[in-house]
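Heads up: the structure comes next, in structure tokens.
This is a predicted model, so every value here is computed, not measured.
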Amino acid sequence: GSGDGQGQILQRFPEKDWEDNPFPQGIELFCQPSGWQLFPERNPPTFFVAVLTDINSERHYCACFTFWEAMETPPLQSHPRNGEGEEEEEEPSSSVQPAQLFAPKSLVLVSRLDHAEVFRNSLGLIYTIYVDGLSVSLETVIGNLLTCTIPITGGAQ
């Protein structure tokens, strides 16, 4: 139709809310402020950080990295022949393929810390792994991004 749609959360980490940091409701609305629309051309990726304030006046920094994916082209329509219910495939020369459309897909990182450059780099890494089709699971990548070892001052590494 018009190319307008609604956002949908496909995957999230963690899968269940943490008691002290619940999942922001309606985050799919904030990822695309002008709406979820299809476009006839692939747009360049975008990145922005918004600050959401919860009911306790605590800030949550939401980094959003949006890129555009080609939609699968729907198959050619077949038409009934002479109203008898039998279908006749269209001839390739007489059919017009619909134009390629691109849909937005967003990666979002929510944090209580304000580190926009770290967020951009982390989401860029996840995007690169996804686009390049590397055989690393997202769970492993995210686990590695969230884990760090801080050495004790003057102690062993």
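Atoms OG and CG, from Ser122 and Leu109 in turn, are 6.5 Å apart once rounded to the nearest 0.5 Å. One finds the NZ atom of Lys105 at 10.0 Å from the CD atom of Gln8 (value rounded to the nearest 0.5 Å). Atom OG in Ser106 sits 10.5 Å away from atom CD in Glu28 (nearest 0.5 Å). Remark: Thr46 OG1 to Phe65 CZ distance equals 7.5 Å, nearest 0.5 Å. Interatomic distance, CE of Met71 versus CZ of Phe39, reported as 13.5 Å (0.5 Å rounding). With rounding to the nearest 0.5 angstrom, the CG atom of Leu52 is 8.0 Å from the NE2 atom of His60.
Between Arg59 and Arg112 there is no side-chain heavy-atom pair separated by less than 4.5 Å.
A donor-acceptor pair under 3.5 Å is absent between the side-chain atoms of Asn56 and the main chain of Glu58, judged by distance alone.
Taking every heavy atom of both residues into account, Cys31 and Trp36 meet most closely at CB-CZ2, 4.0 Å. Among all heavy-atom pairs drawn from Ala63 and Phe47, the shortest one is CB-CE1, 3.8 Å. Across all non-hydrogen atoms, the minimal contact from Trp68 to Arg42 is O-NH1, 2.7 Å. In terms of heavy-atom proximity, Val108 sits nearest to Cys64 at CG2-SG, 4.2 Å. Nearest heavy atoms, Val49 versus Tyr61: CG1-CB, 4.4 Å. Nearest heavy atom pair, residue Ile27 against residue Ile9, reads CG2-CD1, 4.1 Å.
Linking ILVMFWY side-chain heavy atoms closer than 4.5 Å, directly or via other members, places Val118 and Ile126 in two distinct hydrophobic clusters. No path of Ile, Leu, Val, Met, Phe, Trp and Tyr side chains, each step under 4.5 Å between heavy atoms, connects Leu145 with Leu113, placing them in separate hydrophobic clusters. Follow the hydrophobic side-chain contacts under 4.5 Å out from Leu134 and you reach Leu125 in the same cluster.
Between Phe119 and His115, the ring planes lie perpendicular to each other; the angle is over 60°, past the 30° to 60° tilted range.
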Could you walk me through whether Asn43 and Phe102 pass the side-chain contact (heavy atoms from CB on, under 4.5 Å) check? CA-CA 8 Å; Asn43 293 328; Phe102 296 88; over 6 Å; no
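For Gln11, the CD atom is densely surrounded, since the number of other residues' heavy atoms within 6.0 Å is greater than 12.
The side-chain contact (heavy atoms from CB on, under 4.5 Å) test with Tyr127 is passed by exactly one of Leu123, Ile129, Val131: Val131.
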